[in-house]
**Q** 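Please find one structure pasted underneath; my questions will follow.
Here is the naming used below: chain letters follow the sequence lines, and residue numbers restart at 1 for every chain. Values reported hereafter were calculated over all heavy atoms of this structure, with side chains retained and with hydrogens, waters and symmetry mates removed.
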Amino acid sequence: MLKGHQSWIFENRPAILSTGTIGGPFEAKGNIPEAFDTLHEDMWLNQDSWEKAQQKMLEEAIQTTLKKARIEKENIEFLIAGDLINQMTPTSFAASTSSIPFLGAFSACATSMESLALAASIINAKGANYILCAASSHNAATEKQFRYPTEYGGQKPPTSQWTVTGAGCALVAQNGTGPAVTSATIGKVADMGMTDPFNMGGAMAIAAADTIEAHLRDLQIDPSYYDLIITGDLGHVGREVSFDLLRDRNIPIESEKYVDCGITIYREDQPVLAGGSGAACSAIVTYGHYLQEVIKGNLQRILVVATGSLHSTLSIQQKAPIPCIAHAVSIEARGEHL
Amino acid sequence: MGDKKKQKLQPNQQRYQAFQQKRETKRPVFKNCIKAFLIGGFICFIGQLISTFYIYQFNFTEKTAGNPTIATLIFITMLLTGFGVYDRIAQVAGAGSAVPVTGFGNAVISSAIEYRSEGFILGVGSNMLKLAGPVIVYGVFSAFVVAIIKTILTQWGGF
């Protein structure tokens with residue numbers, strides 16, 4: 001049901017039945033290794049290209065999710081997924097091997113919440129019984145496409161971020177015992193004329209702030225309604241900018257209740273500069289870490305605001321600004337009602 | 001250029017950029033310069049050692065020792081790049097590891113490794129000079145311009 005300008009309320013409370021999270025070696029050394037179902041020692045995953053390794057991780061995430069829910073893939077109506085690689089081929093190939101009817105979704109690093117919002121919306125309207133939603137990224141494949149070859153020695157500024165190697169997948173269903181997806185807010189594309197691809201956090205912060213503000217306005221709630229507001233991959237710079245923006249707009253947000261997946265995923269002493277990023281970042285940290293906290297009962301209500309910068313290498317070279325987006329999805333423990 | 005760019009921005013964009021810039025982690029320029037100076041200097045020191053070694057151990061002169069020295073440095077860079085060490089040095093060294101010939105070698109070698117998955121022709125062949133290509137193009141072009149200026153001055157300038 002539409003609420004306000006750009007939000008949906010899911011009154012049938014679609015459930016997240018299970019999740020699957022896969023990570024690479026760098027993530028294994030990170031802050032939340034327990035958030036992963038499988039951690040790979042090898043960046044290549046025995047494949048002959050980074051892109052195939054990414055495809056493999058997505059396939060594994062899908063398989064793990066299905067296995068944990070004890071549901072056969074024939075029962076899944078749709079797969080909604082996306083990634084960052086040109087034309088999303090790793091996702092398309094993974095969708096091909098899983099042979100589930102497939103909808104591609106692209107919001108760069110906000111793909112995780114775009115796919116979850118769409119899945120919940122379809123389930124809520126009884127358009128399906130089971131939908132898988134997923135996002136993946138691979139550090140080396142992303143570096144190769146967007147920046148420089150992996151082994152190229154270029155000094156990165158302190159505002160740049162480290163793309164997460166991994167995949168995260170969630171199974172959304174009509175009913176079940178898992179946490180409920182209760183509402184979603186679809187963000188507008190924000191363009192503040194920022195052109196530095198090594199400062200995506202700073203560029204995306206405005207999108208996160210806009211979407212959070214729109215969500216609170218549409219649902220007519222206070223930030224204190226949520227135990228945690230989790231942004232996707234703003235990193236240290238973007239988190240601070242978005243936090244100060246919200247405070248400037250008189251939104252009473254609290255610092256300890258405002259966290260970022262890109263900061264959560266890695267340890268402070270890892271060389272990630274401003275923090276983690278990539279489509280897998282918010283998917284893994286949300287599904288593997290914060291959702292588990294909701295299941296354990298440590299958190300009751302969370303708002304996940306995945307952020308994406310929608311530039312391409314072509315648009316950057318043509319000196320076009322970076323368009324940014326953020327989508328918010330609220331997840332609540334069972335038994336709670338809006 | 002910077003002012004022209006700013007004029008095109010809407011007032012709200014300008015405000016946001018100023019707001020953002022205040023919270024942006026700045027590049028530690030002075031510290032980076034010192035590190036670049038020391039590490040770049042160290043690479044040149046190694047180059048000098050290799051050069052001296054060729055002059056005293058083999059029959060090279062100061063003029064002819066340049067080529068084998070560069071080849072040796074590039075060979076070492078190849079190993080460091082292949083084993084994934086060079087990019088880590090570069091994150092600390094910055095221009096210190098980019099400006100010497102080792103930086104040029106790293107740009108070519110890392111591209112060659114990266115695009116191996118697209119095959120030898122369209123992958124390695126066409127992407128190998130993706131990063132180093134501009135250096136060659138503008139290196140040759142500026143040498144040409146300088147040569148013309150020199151010729152004009154010496155032929156007609158009476159120097």
**Q** Counting neighbours of CD1 on B:I121 that are heavy atoms of other residues, nucleotides or ligands and sit closer than 6.0 Å, is the number greater than 12?
**A**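 Check fails, neighbour count at 12 or below.
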**Q** If the test is side chain to side chain contact (heavy atoms under 4.5 Å, CB included), which one of B:K22, B:Q20, B:R23 qualifies with A:D244?
**A**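 Exactly one option meets the side chain to side chain contact (heavy atoms under 4.5 Å, CB included) with A:D244, and it is B:R23.
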**Q** Mark yes when over 12 heavy atoms from residues, nucleotides or ligands other than A:Y148 sit less than 6.0 Å from its OH; otherwise mark no.
**A**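 At most 12 heavy atoms, drawn from other residues, nucleotides or ligands, come within 6.0 Å of this atom.
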**Q** Tell me, side chain or backbone of B:N12 under 4.5 Å from chain A's heavy atoms, or both, or neither?
**A**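 Both parts, heavy atoms under 4.5 Å.
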**Q** A side-chain contact here means heavy atoms from C-beta on lying under 4.5 Å apart; do A:D248 and B:F19 qualify?
**A**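 Yes, side chains in contact.
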**Q** Less than 4.5 Å apart, side chain to side chain, heavy atoms only: is that true for A:P149 and B:I109?
**A**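 A side-chain contact under 4.5 Å is absent here.
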**Q** Among A:P158, A:A203, A:P321, A:A190, which residue has the highest count of heavy-atom pairs closer than 4.5 Å to chain B?
**A**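 The answer is A:P158.
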**Q** If I compare all heavy atoms of B:D87 with all of A:T150, which pair ends up nearest, and what's the gap?
**A**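 So the minimum-distance heavy-atom pair works out to OD2-O, 3.4 Å.
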**Q** Just grab all the ring pair (Phe, Tyr, Trp, His ring centres under 6.0 Å) pairs involving residues 59-100 of chain B, residues at least two apart or on different chains.
**A**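 The answer is B:Y54-B:F60.
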**Q** Among B:I113, B:N32, B:I89, B:V85, which residue has the highest count of heavy-atom pairs closer than 4.5 Å to chain A?
**A**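 If we count pairs closer than 4.5 Å to chain A, B:N32 comes out on top.
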**Q** Looking at A:P157, A:A140, A:G154, which one has more heavy-atom pairs under 4.5 Å with chain B than the rest?
**A**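 If we count pairs closer than 4.5 Å to chain B, A:P157 comes out on top.
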**Q** Ignoring hydrogens and geometry, is there a side-chain-to-backbone donor-acceptor pair from B:Q17 to A:G193 under 3.5 Å?
**A**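 Answer holds: yes.
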**Q** So does A:D269 have more than 12 non-hydrogen atoms from other groups sitting under 6.0 Å from CG?
**A**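 Yes, because the 6.0 Å sphere around CG of A:D269 holds more than 12 heavy atoms from other groups.
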**Q** Please classify the contact of A:N199 with chain B as side chain, backbone, both or neither, using a heavy-atom distance under 4.5 Å.
**A**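 When you check distances to chain B, only side chain atoms of A:N199 fall under 4.5 Å.
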**Q** Does any backbone or side-chain atom of A:A274 lie under 4.5 Å from a heavy atom of chain B? Answer side chain, backbone, both or neither.
**A**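 Neither part; nothing is under 4.5 Å.
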**Q** Give a yes or no on whether the backbone of A:E151 and the side-chain of B:N106 come within a donor-acceptor separation of less than 3.5 Å.
**A**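 Checked: pair present.
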**Q** For the candidates B:K26, B:R88, B:K130, B:E24, which exhibits the highest count of non-hydrogen atom pairs separated by less than 4.5 Å from chain A?
**A**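 Most heavy-atom pairs under 4.5 Å with chain A: B:E24.
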**Q** Between B:A107, B:A98, B:A93, who has the most heavy-atom pairs with chain A when the cutoff is under 4.5 Å?
**A**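 Looking at each option in turn, the highest pair count goes to B:A107.
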**Q** Under 4.5 Å between any side-chain heavy atoms of A:V241 and B:Y16, yes or no?
**A**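 Side-chain contact under 4.5 Å: yes.
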**Q** With a sphere of 6.0 Å drawn around CZ of A:R247, does it hold more than 12 non-hydrogen atoms of other residues, nucleotides or ligands?
**A**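 Yes, enclosed.
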**Q** In terms of heavy-atom contacts, does CG of B:N59 have more than 12 from other residues, nucleotides or ligands at under 6.0 Å?
**A**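 It does not: B:N59 CG has 12 such atoms or fewer within range.
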**Q** Given heavy-atom pairs under 4.5 angstrom as the criterion, report whether the side chain, backbone, both or neither of A:L273 touches chain B.
**A**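 Contact with chain B involves the side chain of A:L273 alone.
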**Q** Walk me through it: do B:E114 and A:Y152 pass the test side-chain contact (heavy atoms from CB on, under 4.5 Å)?
**A** CA-CA 9 Å; B:E114 191 78 346; A:Y152 174 68; over 6 Å; no
**Q** Could you tell me whether A:K144 and B:E118 have a side-chain N and a carboxylate O separated by less than 4.0 Å?
**A**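 Salt bridge: yes.
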**Q** If we define contacts as heavy-atom pairs under 4.5 Å, which of A:I206, A:D48, A:T159 has the most with chain B?
**A**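 Most pairs with chain B among the choices: A:I206.
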**Q** Between A:S49, A:G201, A:G202, A:G238, which residue shows the highest count of heavy-atom pairs closer than 4.5 Å to chain B?
**A**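 Option with the greatest count: A:G202.
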**Q** Is there side-chain contact between B:Q91 and A:K156, with heavy atoms separated by less than 4.5 Å?
**A**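 Counting from C-beta outward, B:Q91 and A:K156 do come under 4.5 Å.
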